[in-house]
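Each remark here refers to the structure printed beneath this line.
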Amino acid sequence: MRIAYAGLRRKEEFKALAEKLGFTPLLLPVQATERVPVPEYTEALEALARGVDLFLATTGVGVKDLLQAGEALGLDLKRPLQQAHRLARGEKAARALRALGLPPHATGDGTSPSLLPLLPEGPGRAALQLYGKPLPLLERALEERGFQVLPLLPYRHLPDLKGLRRLEEAVLRGEVEAVAFVAALQVEFLFEGARDPEALREALNTRVLPLAVGRVTADALREWGVERFFVSETERLGAMLQAFRKEAVWATSP
């Protein structure tokens, strides 16, 4: 079975594991990621260094990038984070915080809405680590609780036009039997950049099976009208491939 991979990170890991499980992988990333130059958010980092009452970590890589950017400016960001109430959006962000000696006080299920009931009441200053794009849901919720929001964008996502065009062609031409998505943004970029989104939707609902890591990615497929997919709730790439391999007969049936 030929499986396209729409992700950017961990491509070689996906390829190696897919081949080990007997699949034929095609690496067709639909997104590109670039680090935001430190000078573009120096003021926000300096504000973080002065101290915050609440810190929301949304991705592990984003947490690490923030600390590295602080080091480049000669700022000690661990001290203010040690003094803040810390929340992690999911387990990856939680692991990154724990590795830095900054264990979260509470952890969500990997979705932004799961953080809402964990938010304390303000007033105060809340640092929100963004993951490639604005998070209006969390920003509004923080403001409603009386917080002054300090958004921090260490990296941003961009569509890879060449990659998404190639993936669309592979799906429509039947060059693959499945497509693995590991983030909702990959689904959004593919459909927003598709030349024929209706044909793409029809193919993914009938001939080519989407694989989704986590329910957030699955929800993105539903929002674009895709109702037939295989989802792994573990939010781990390897676990998804292994689970799909065990249920491949069911997954590829009409």
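Worth saying up front: this structure is predicted, and the values here are computed from it rather than measured.
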Is there a path from [X] to [Y] through hydrophobic residues (I, L, V, M, F, W, Y) whose side chains come within less than 4.5 Å of each other?
{"X": "L185", "Y": "L137", "value": "no"}
{"X": "V171", "Y": "L161", "value": "yes"}
{"X": "V231", "Y": "L190", "value": "yes"}
{"X": "F244", "Y": "L17", "value": "yes"}
{"X": "L73", "Y": "V52", "value": "yes"}

Derivation of the side chain to side chain contact (heavy atoms under 4.5 Å, CB included) call for V63 and L97: CA-CA 7 Å; V63 171; L97 287 173; 4.1 Å; yes
Shortest non-hydrogen contact from [X] toward [Y]:
{"X": "L27", "Y": "E12", "answer": "CD1-OE2, 4.0 Å"}
{"X": "L221", "Y": "A212", "answer": "CD1-CB, 4.0 Å"}
{"X": "P120", "Y": "F147", "answer": "O-CE1, 3.2 Å"}
{"X": "G110", "Y": "V216", "answer": "O-CG2, 4.1 Å"}
{"X": "P25", "Y": "F14", "answer": "CB-CE2, 3.8 Å"}
{"X": "V149", "Y": "L142", "answer": "CG2-CB, 3.7 Å"}

R79: side chain to side chain contact (heavy atoms under 4.5 Å, CB included) partners, not counting sequence neighbours: D76, Q83
Side chain to side chain contact (heavy atoms under 4.5 Å, CB included) involving N205 - partner list, sequence neighbours excluded: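 Residues passing side chain to side chain contact (heavy atoms under 4.5 Å, CB included) with N205: R201, V226, E227, R228.
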Would you mind checking if [Y] and [X] are paired as a salt bridge, meaning a charged N to carboxylate O distance below 4.0 Å?
{"X": "R207", "Y": "E177", "result": "no"}
{"X": "R98", "Y": "E91", "result": "yes"}
{"X": "E34", "Y": "R156", "result": "yes"}

Check against side chain to side chain contact (heavy atoms under 4.5 Å, CB included), D160 and Q31: CA-CA 5 Å; D160 182 331; Q31 72 178 85; 5.6 Å; no
Cationic tip of R10 above Y5 ring, under 6.0 Å, 45° of axis: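 The answer is no; the distance or angle limit is not met.
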Set of residues satisfying ring pair (Phe, Tyr, Trp, His ring centres under 6.0 Å) with respect to Y41, sequence neighbours excluded: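 Scan of Y41 (ring pair (Phe, Tyr, Trp, His ring centres under 6.0 Å), adjacent residues dropped) gives none.
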[X] [atom1] to [Y] [atom2] distance, which is reported to the nearest 0.5 Å:
{"X": "L56", "Y": "L87", "atom1": "CG", "atom2": "CG", "result": "5.0 Å"}
{"X": "L8", "Y": "H157", "atom1": "CG", "atom2": "NE2", "result": "9.0 Å"}
{"X": "F55", "Y": "L48", "atom1": "CZ", "atom2": "CG", "result": "7.0 Å"}
{"X": "R195", "Y": "L172", "atom1": "CZ", "atom2": "CG", "result": "10.5 Å"}
{"X": "E198", "Y": "E202", "atom1": "CD", "atom2": "CD", "result": "10.0 Å"}
{"X": "E168", "Y": "L204", "atom1": "CD", "atom2": "CG", "result": "10.0 Å"}

For R166, side-chain hydrogen bond (donor to acceptor under 3.5 Å, both in side chains) partners two or more places apart: E175
D65 (side chain) donor-acceptor with P154 (main chain) under 3.5 angstrom: no
R86 side-chain N/O to P103 backbone N/O, donor-acceptor pair under 3.5 Å: yes
Considering only heavy atoms from C-beta outward, does the side chain of [X] approach that of [Y] to under 4.5 Å?
{"X": "L66", "Y": "L81", "value": "no"}
{"X": "L67", "Y": "K78", "value": "yes"}
{"X": "V176", "Y": "I3", "value": "no"}
{"X": "W224", "Y": "V187", "value": "yes"}
{"X": "R140", "Y": "R145", "value": "no"}
{"X": "T217", "Y": "V182", "value": "no"}

Any residue meeting salt bridge (charged side-chain N to carboxylate O under 4.0 Å, His left out) with E43, in chain and number order, not counting sequence neighbours: none
Set of salt bridge (charged side-chain N to carboxylate O under 4.0 Å, His left out) partners for E46, sequence neighbours left out: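 Once residues adjacent in sequence are excluded, E46 has no partner under the salt bridge (charged side-chain N to carboxylate O under 4.0 Å, His left out) criterion.
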Option among K64, Q129, R89 that satisfies the side chain to side chain donor-acceptor pair (under 3.5 Å) test with T59: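 Option passing the side chain to side chain donor-acceptor pair (under 3.5 Å) with T59: Q129.
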Ring centres under 6.0 angstrom apart (Y155, Y131):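 Centroid separation for Y155 and Y131: 6.0 Å or greater.
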Side chain to side chain contact (heavy atoms under 4.5 Å, CB included) between V38 and L45, intermediate numbers included: CA-CA 9 Å; V38 173; L45 291 167; 4.1 Å; yes
Residues L128, L150; criterion side chain to side chain contact (heavy atoms under 4.5 Å, CB included); working and verdict: CA-CA 6 Å; L128 173 59; L150 176 64; over 6 Å; no
